[in-house]
Amino acid sequence: MNHMLHSRVLPSVTYPMSLTSFDEKRCKDLSIRIERMVLPKMGINSHTSRAVVYGPPIFGGMNFPFIETIQYRLGLMNILKHLRHDSEIGTEIRTL
């Protein structure tokens with residue numbers, strides 16, 4: 001089921017995130033909705049500690065992604081894309 005999360009749910013939810021600026025509360029709300037939908041389908045109790053859900057596998061966690069981190073990563077990748085390809089937006093970013 002982890003495959004479902006990474007191949008279906010996250011791409012559909014995070015596709016527009018390179019251009020969004022959700023605050024921490026909205027990212028948390030989105031994470032909660034995704035957790036409520038995906039965790040039971042993965043056979044995981046919804047009351048499982050979030051340290052286990054979000055923790056790295058090396059420490060026994062499930063490495064569930066943080067939506068806020070994904071948003072920041074995609075936004076930075078979008079900025080770098082514009083800077084590398086000498087787009088009009090990249091030129092404007094450089095002048096700042």
Side-chain angles (χ1 to χ4, degrees):
M1 286 295 172
N2 199 9
H3 176 70
M4 177 190 71
L5 174 69
H6 290 284
S7 66
R8 303 277 177 144
V9 177
L10 285 180
S12 64
V13 171
T14 61
Y15 175 75
M17 283 198 155
S18 64
L19 303 174
T20 61
S21 57
F22 293 145
D23 61 0
E24 185 178 347
K25 183 184 181 312
R26 287 193 180 182
C27 287
K28 187 170 185 142
D29 290 344
L30 184 56
S31 291
I32 289 170
R33 289 177 186 213
I34 293 171
E35 287 174 19
R36 286 183 183 158
M37 181 184 73
V38 174
L39 289 179
K41 290 184 180 185
M42 294 172 67
I44 299 163
N45 188 329
S46 61
H47 298 291
T48 302
S49 168
R50 292 303 169 245
V52 173
V53 173
Y54 288 101
I58 194 167
F59 296 122
M62 296 183 318
N63 206 26
F64 207 82
F66 286 98
I67 297 299
E68 193 171 9
T69 305
I70 292 172
Q71 176 182 251
Y72 292 145
R73 181 179 53 86
L74 291 174
L76 287 171
M77 288 171 56
N78 191 36
I79 290 171
L80 288 173
K81 178 182 72 173
H82 285 294
L83 289 172
R84 289 179 180 156
H85 294 292
D86 289 329
S87 68
E88 184 176 334
I89 295 172
T91 304
E92 289 183 24
I93 293 171
R94 277 190 216 96
T95 60
L96 294 176

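As the structure is a prediction and not an experimental result, all values here were calculated from the model.
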*asked:* Suppose we screen for salt bridge (Lys or Arg N to Asp or Glu O under 4.0 Å). Which residues come up paired with Arg50, at least two apart in sequence or across chains?
replied: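 Arg50 satisfies salt bridge (Lys or Arg N to Asp or Glu O under 4.0 Å) with Glu35 only.
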*Does any non-hydrogen side-chain atom of Leu30 lie less than 4.5 Å from one of Gln71?*
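A side-chain contact is absent here, since even the closest heavy-atom pair is not under 4.5 Å.
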*Taking C-beta and beyond as the side chain, do Leu39 and Met62 meet within less than 4.5 Å on heavy atoms?*
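They are in side-chain contact.
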*Rounded to the nearest 0.5 Å, what separation is found between the CD atom of Glu68 and the CG atom of Asp23?*
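Separation between the atoms: 8.5 Å.
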*asked:* I need the Thr69 OG1 to Met17 CE distance, nearest 0.5 Å.
replied: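 Taking OG1 in Thr69 and CE in Met17, the distance rounds to 10.5 Å.
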Hey, any chance [X] and [Y] share a hydrophobic cluster, counting ILVMFWY side chains that come within less than 4.5 Å of each other, even indirectly?
X	Y	result
Val52	Ile44	no
Ile32	Leu10	no
Leu83	Leu76	no
Ile34	Met42	yes

Determine the minimum heavy-atom distance between [X] and [Y], stating which atoms define it.
X	Y	result
Asn63	Pro57	CB-CD, 3.7 Å
Cys27	Ile67	O-CB, 4.1 Å
Pro65	Ile70	CB-CD1, 3.7 Å

*asked:* Is it true that, when you exclude Met77 itself, more than 12 heavy atoms of the residues, nucleotides or ligands shown sit nearer than 6.0 Å to its CE?
replied: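 Not more than 12 within 6.0 Å, no.
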_Is it the case that atom CZ in Arg94 sees more than 12 heavy atoms from other parts of the structure closer than 6.0 Å?_
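Yes, because the 6.0 Å sphere around CZ of Arg94 holds more than 12 heavy atoms from other groups.
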*Are any of the side-chain nitrogens in Arg33 or Asp29 under 4.0 Å away from the carboxylate oxygens of its partner?*
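So Arg33 does not pair with Asp29 through a salt bridge.
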*Tell me, which pairs form a ring-ring contact (aromatic ring centres under 6.0 Å, His included) where one or both residues lie in residues 17-50, sequence neighbours left out?*
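ring-ring contact (aromatic ring centres under 6.0 Å, His included) check on residues 17-50 returns no pairs.
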*ring-ring contact (aromatic ring centres under 6.0 Å, His included) pairs, two or more places apart, involving residues 71-96*: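 Non-adjacent pairs meeting ring-ring contact (aromatic ring centres under 6.0 Å, His included): zero.
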_Aromatic plane relationship, Phe64 with Tyr54 - under 30° parallel, 30 to 60° tilted, over 60° perpendicular_ =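 Answer is perpendicular, since the angle exceeds 60°.
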